[in-house]
Amino acid sequence: MAIHRLDNVAIVVDDLDAAIVFFTELGMELEARMAIEGRWAELVVGLDGLRSEIAMMRVPGGDGRLELTRYHTPESLDLGLGTAPPNVLGLHRVMFAVDDIDDTVARLGTHGGEVLREIVRFEDAYRLCYLRGPGGIIVGLAEPLG
């Protein structure tokens, strides 16, 4: 038995349109957007009365996908993770390699992206930062050096 691939990482958002715009600005492509409901979805997710909408975002030319999910019923719960520090157990962070971290941070800033502290250099390998996106999603950015 073997794993074939990582299909996607799912993140719950409160504003699906804003999240799509944010990740499109990052450089991802909207692959599909659809409503999800019915008994099959309730059984998979474990929520009765499930009605949601997802947007599948894809890395251009690659296999990486991010599933953005907006729950309509039952309503999404806000446990304050949108402001939680990065060391909270179970908290999600997604990281992307970019070719110009300064430009990427500036562009994402126009869509609410805020660097957690600062962009730093890690040895001669990367320039790195964490930033918060829509709904407090933590997004890591890495610009390879050399």
Side-chain angles (χ1 to χ4, degrees), residues 2-37 40-42 44-47 50-146:
I3 293 176
H4 297 277
R5 67 180 176 271
L6 171 67
D7 267 347
N8 68 68
V9 173
I11 299 177
V12 177
V13 298
D14 60 348
D15 185 336
L16 190 57
D17 292 325
I20 292 169
V21 168
F22 181 87
F23 285 102
T24 299
E25 186 65 46
L26 178 60
M28 298 188 86
E29 298 172 345
L30 178 62
E31 184 177 71
R33 184 173 179 165
M34 66 190 75
I36 303 293
E37 59 186 311
W40 72 269
E42 294 173 353
V44 169
V45 178
L47 294 172
L50 173 70
R51 197 172 58 76
S52 66
E53 185 178 8
I54 68 164
M56 192 64 73
M57 305 297 296
R58 181 174 51 85
V59 174
D63 292 328
R65 288 192 196 113
L66 191 61
E67 178 185 307
L68 305 171
T69 305
R70 166 75 171 102
Y71 284 94
H72 299 287
T73 58
E75 245 182 78
S76 298
L77 300 175
D78 185 351
L79 300 178
L81 296 180
T83 58
N87 63 337
V88 171
L89 293 174
L91 190 70
H92 295 76
R93 188 267 299 142
V94 292
M95 181 166 273
F96 297 92
V98 297
D99 56 8
D100 185 338
I101 198 168
D102 297 306
D103 176 65
T104 304
V105 166
R107 287 185 296 106
L108 294 177
T110 65
H111 300 284
E114 294 182 21
V115 174
L116 281 158
R117 191 152 298 162
E118 62 184 83
I119 300 170
V120 300
R121 183 182 183 109
F122 174 70
E123 300 177 350
D124 290 328
Y126 293 98
R127 292 182 69 220
L128 304 162
C129 75
Y130 277 11
L131 61 85
R132 285 205 190 269
I137 299 168
I138 297 178
V139 176
L141 300 175
E143 176 186 339
L145 299 174

Inter-residue atom distance [X].[atom1] - [Y].[atom2], 0.5 Å rounding:
{"X": "Leu81", "Y": "Ile137", "atom1": "CG", "atom2": "CD1", "value": "12.0 Å"}
{"X": "Leu68", "Y": "Met28", "atom1": "CG", "atom2": "CE", "value": "8.0 Å"}
{"X": "Tyr71", "Y": "Ile54", "atom1": "OH", "atom2": "CD1", "value": "10.0 Å"}
{"X": "Ser52", "Y": "Met34", "atom1": "OG", "atom2": "CE", "value": "10.5 Å"}
{"X": "Glu37", "Y": "Glu53", "atom1": "CD", "atom2": "CD", "value": "10.5 Å"}
{"X": "Leu116", "Y": "Leu131", "atom1": "CG", "atom2": "CG", "value": "7.0 Å"}

Heavy-atom closest pair, residues [X] and [Y]:
{"X": "Ile138", "Y": "Pro86", "answer": "CD1-CA, 4.0 Å"}
{"X": "Arg121", "Y": "Leu145", "answer": "CZ-CD1, 3.6 Å"}
{"X": "Ile11", "Y": "Leu66", "answer": "CD1-CD1, 3.8 Å"}
{"X": "Pro60", "Y": "Gly27", "answer": "CG-O, 3.0 Å"}
{"X": "Thr24", "Y": "Ile20", "answer": "OG1-O, 2.7 Å"}
{"X": "His111", "Y": "Arg107", "answer": "CD2-O, 3.4 Å"}

Check Thr110, Val105, Thr104 against Leu108 for a side chain to side chain contact (heavy atoms under 4.5 Å, CB included) and give me the one that passes. Thr104
Give me the one residue out of Glu31, Met57, Arg58, Glu67 that meets side chain to side chain contact (heavy atoms under 4.5 Å, CB included) with Asn8. Glu67
Within-4.5 Å side-chain heavy-atom neighbours: Asp103 and Val98: no
Can you tell me if Glu143 uses its side chain to pair, donor with acceptor, with the backbone of Ile101 under 3.5 Å? yes
Are there over 12 heavy-atom neighbours, none belonging to Glu42, within less than 6.0 Å of that residue's CD? yes
Within 6.0 angstrom of Phe96 CZ, more than 12 heavy atoms from elsewhere: yes
Can we say Arg127 and Asp102 salt-bridge, meaning some charged N sits less than 4.0 Å from an Asp/Glu carboxylate O? yes
